[in-house]
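Below is one structure; the comments refer to it alone.
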Amino acid sequence: MSVPMVKAEGVRKSFGSVEVLSGIDLEVARREVFCLIGPSGSGKSTFLRCINHLEQVNAGRLYVDGELVGYRQKGEKLYELRDREVCAKRSEIGMVFQHFNLFPHKTALGNVIEAPIQVKGESKSVVIERGKKLLDRVGLGSKHDAYPRQLSGGQQQRVAIARALAMEPKLMLFDEPTSALDPELVGEVLDVMRGLAEDGMTMVVVTHEMGFAREVGDAVVFMDGGVIVESGSPREMLTNPQHERTKSFLSKVL
């Protein structure tokens, strides 16, 4: 039996007195495109951030590739990993945010090669070659030397995807990657994500793009109020939801 790429067991997360995640249980298989949908404030982005330990869970267990996220277990006790160990694990997970967060003073290629050189200590010449191939892959072969201010939002987001891929991650997390884009630029980013799915990349995607979830997703989870309300295949969930809250949400976005 293959170990899931992501496994959550009773994951809880609070900010002060507000519980944002109230016992999340789910599994993401290898090579799966796993879509999280739901209203704003339902806990989707917080859960995504917990996967790479940008947020610490308050209870439960969260595993990536069979290993606890952020902790080491000895007997019945959990011990938090040192920052260096957390960063090493995080380097195996690519994350693409709503806002591109590119270095404005670096070119597209400069943004892509920064982390493999600085974090992993890879050879600059090797990383430059990989970076050029990745920019070609996301359709920006002619933009290696362009600065973020010279690129459209869709192009900047594609640079951000190439930057995440440059670390050669085992898992990609997407936090509403098209929500900050003008409508006409959404398609070019989703096309890149479709290509990654076809190549077998395991992806967890927080999205409002129901067409993408239906076409590319292998599994869909609807979250609301910090809990999983309903889950299933995209075709089942999006065409024949069973829960009234899911029906209400989908009636507004489809």
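A quick note: this is a predicted structure, and the numbers were derived from the prediction, not measured.
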Charged N to carboxylate O below 4.0 Å: is that the case for D65 and R30? yes
Looking at R194 and E215, is there a salt bridge between them, counting it only when a charged N and a carboxylate O are closer than 4.0 Å? yes
If you count every heavy atom of other residues, nucleotides or ligands that lies below 6.0 Å from K124 atom NZ, does the total exceed 12? no
Cationic N near anionic O, under 4.0 Å, K247 to E244: yes
Do D175 and S45 meet the criterion of a side-chain donor-acceptor pair at a distance under 3.5 Å? yes
Between R49 and E55, is there a side-chain N and carboxylate O pair less than 4.0 Å apart? yes
R137 with D199: basic N within carboxylate O range, under 4.0 Å: yes
Does a salt bridge link R163 with E114, judged by any charged N lying under 4.0 Å from a carboxylate O? no
Counting neighbours of CG on N240 that are heavy atoms of other residues, nucleotides or ligands and sit closer than 6.0 Å, is the number greater than 12? yes
Ionic contact status for E230 with R245, cut-off 4.0 Å: no
Are K13 and E19 close enough for a salt bridge, meaning some N to O gap below 4.0 Å? no
Do V64 and E67 come close enough that some side-chain heavy atom pair is under 4.5 Å? no
Just so I know, are the side chains of P4 and V28 near enough to count as touching, which here means a heavy-atom distance under 4.5 Å? no
Using modelled atom types only, decide if a donor and an acceptor are shared between the side chain of D218 and the backbone of V33 within a distance under 3.5 Å. yes
For atom NZ of K133, decide whether the heavy atoms of other residues, nucleotides or ligands shown that lie under 6.0 angstrom number more than 12. no
Close side-chain approach of F100 to L151, heavy-atom, < 4.5 Å: no
Is there a side-chain contact between F34 and M5 in this structure, where contact means two heavy atoms from C-beta onward sitting under 4.5 Å apart? no
Salt-bridge contact E92-R90 (side-chain N to carboxylate O under 4.0 Å): no
Side chains of L48 and F174: does their closest heavy-atom pair fall under 4.5 Å? no
